Visitor: 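Handing you this structure, nothing more for now.
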Number of protein chains: 2
Amino acid sequence: MNDAEATAATPPAGGARDGTVRELLKSSGIAPTAQRVEIARFLFHRAQHLSAEQLLAGIDAAGGRVSKATVYNTLGLFVRHGLLREVLIDPERVFYDSNTARHHHLYNADTGELSDISTDDVAVQGLPALPDSVELEGIDLVIRVRNRQRD
Amino acid sequence: MNDAEATAATPPAGGARDGTVRELLKSSGIAPTAQRVEIARFLFHRAQHLSAEQLLAGIDAAGGRVSKATVYNTLGLFVRHGLLREVLIDPERVFYDSNTARHHHLYNADTGELSDISTDDVAVQGLPALPDSVELEGIDLVIRVRNRQRD
DNA sequence: TTAATTGCAAACATTTTGCAGGTTC
DNA sequence: GAACCTGCAAAATGTTTGCAATTAA
């Protein structure tokens with residue numbers, strides 16, 4: 001029910017905009033089809049957090065024409081290729097973060113507002129030594145807050 | 001498809017076991033119905049991470065008789081009363097952590113194994129000053145790893 | 001006996017899938 | 001023209017809800 005909205009903090013990882021998007025995709029080993037370019041343009045224009053539905057609606061509103069299946073396919077593809085980061089904050093839906101630089105999140109459960117926190121401000125201390133059998137995939141830090149006043 | 005399994009690290013928050021569960025519920029302002037006691041016994045017997053489905057299956061296997069609706073109702077109730085903590089790690093389903101003491105998580109995306117990390121080992125440094133309008137609800141730190149070797 | 005709780009089944013929302021038609025190199 | 005993509009609609013989850021029957025204080 002909450003509307004998670006992006007609060008840009010740092011520029012998009014790839015720094016890709018407009019025509020450059022095609023290059024970004026190619027250099028990531030992704031065939032730059034019309035739909036993928038459309039989606040990438042929308043996503044990487046600025047750092048933001050979007051659900052699949054929000055993305056689809058946004059592209060629609062911008063006059064784009066991409067099917068739901070392709071949106072899901074493409075989001076998964078971008079995540080696998082490291083262009084996008086999944087953010088699991090709301091059990092109802094997955095959010096996709098077009099800022100892939102290392103950073104953390106501040107989430108207001110009441111407003112649904114999701115904002116970035118730089119690792120300069122908040123850091124994780126004392127990472128455990130990982131067994132040789134595994135490798136670090138990522139560190140997800142979410143600071144959850146809510147508006148003051150009890151139920 | 002992964003099976004998230006618990007790796008106990010610290011004893012259950014309430015330290016409740018057997019008959020004491022009834023007291024735990026009462027002192028939390030929860031009417032101790034047969035089903036809730038059943039669920040609480042199962043959950044708080046030890047620190048663990050369970051999905052709703054796993055909980056239901058576990059109770060079933062133990063000879064208990066609780067409906068799916070009641071499982072979901074009760075999990076939500078326990079979370080609202082602070083007896084349980086939601087863990088959002090897998091977009092497919094919510095996990096519930098019966099260890100409500102402050103701690104972090106280590107998640108192996110390949111095996112689905114989820115284990116606790118003490119705040120003595122890994123700590124978050126430099127919490128931002130929060131505006132007066134909000135209060136801290138919690139800090140979720142997940143260290144994601146996967147087995148070595150590429151796709 | 002009045003309010004709260006349970007269980008069933010149906011309803012929901014998000015995400016995935018099968019497959020026919022298109023596109024690309 | 002062979003492999004890959006797209007879009008539609010249907011299917012597959014996990015979770016919630018409506019409501020009648022049951023239980024509890």
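All figures in this text were calculated on a predicted structure; none of them were measured in a lab.
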Visitor: Considering residues at least two apart in sequence or located in another chain, which fulfil the salt bridge (Lys or Arg N to Asp or Glu O under 4.0 Å) criterion with A:E53?
Guide: none
Visitor: Send over the distance from B:L55 CG to D:dG14 P, rounded to a whole Å.
Guide: 14 Å
Visitor: My understanding is that only one of B:D97, B:T119, B:D121, B:D120 makes a side-chain hydrogen bond (donor to acceptor under 3.5 Å, both in side chains) with B:H103; could you say which?
Guide: B:D97
Visitor: Who pairs with A:P32 by side chain to side chain contact (heavy atoms under 4.5 Å, CB included), at least two apart in sequence or on another chain?
Guide: A:R22, A:L25, A:K26, A:V37
Visitor: Could you check how far CD1 of B:I30 sits from P of D:dA25, rounded to whole Å?
Guide: 14 Å
Visitor: Quick one: side chain to side chain contact (heavy atoms under 4.5 Å, CB included) partners of B:Y72, sequence neighbours excluded?
Guide: B:A52, B:K68
Visitor: Just jot down the side chain to side chain contact (heavy atoms under 4.5 Å, CB included) partners of A:D140, sequence neighbours excluded, or say none.
Guide: A:R85, B:V142, B:R144
Visitor: Give, for atom CG of B:D110 and atom CD of A:E137, the distance between the pair rounded to the nearest 0.5 Å.
Guide: 8.0 Å
Visitor: Which atoms form the tightest heavy-atom contact between B:N99 and B:A47, and what is the distance?
Guide: CB-CB, 3.8 Å
Visitor: Starting from P on C:dC25, measure out to CZ on A:R22 and report it in whole angstrom.
Guide: 10 Å
Visitor: Need the bend value for the helix from C:dT1-D:dA25 to C:dC25-D:dG1: angle between end axes, 5 pairs each end, nearest 10°.
Guide: 30°
Visitor: Expressed in angstrom and rounded to an integer, what is the separation of B:D90 atom CG from D:dT13 atom C1'?
Guide: 12 Å
Visitor: Taking CD from A:E38 and C1' from D:dG7, how many angstroms apart are they, rounded to a whole number?
Guide: 15 Å
Visitor: If you round to the nearest 0.5 Å, how far is CG of A:L77 from OG1 of A:T70?
Guide: 11.0 Å
Visitor: Return a single string for nucleotides 3-15 of chain C, one symbol per nucleotide in 5' to 3' order, where B is base contact, S is sugar-phosphate-only contact and - is none, cutoff 4.0 angstrom on heavy atoms.
Guide: --SSBB-----SB
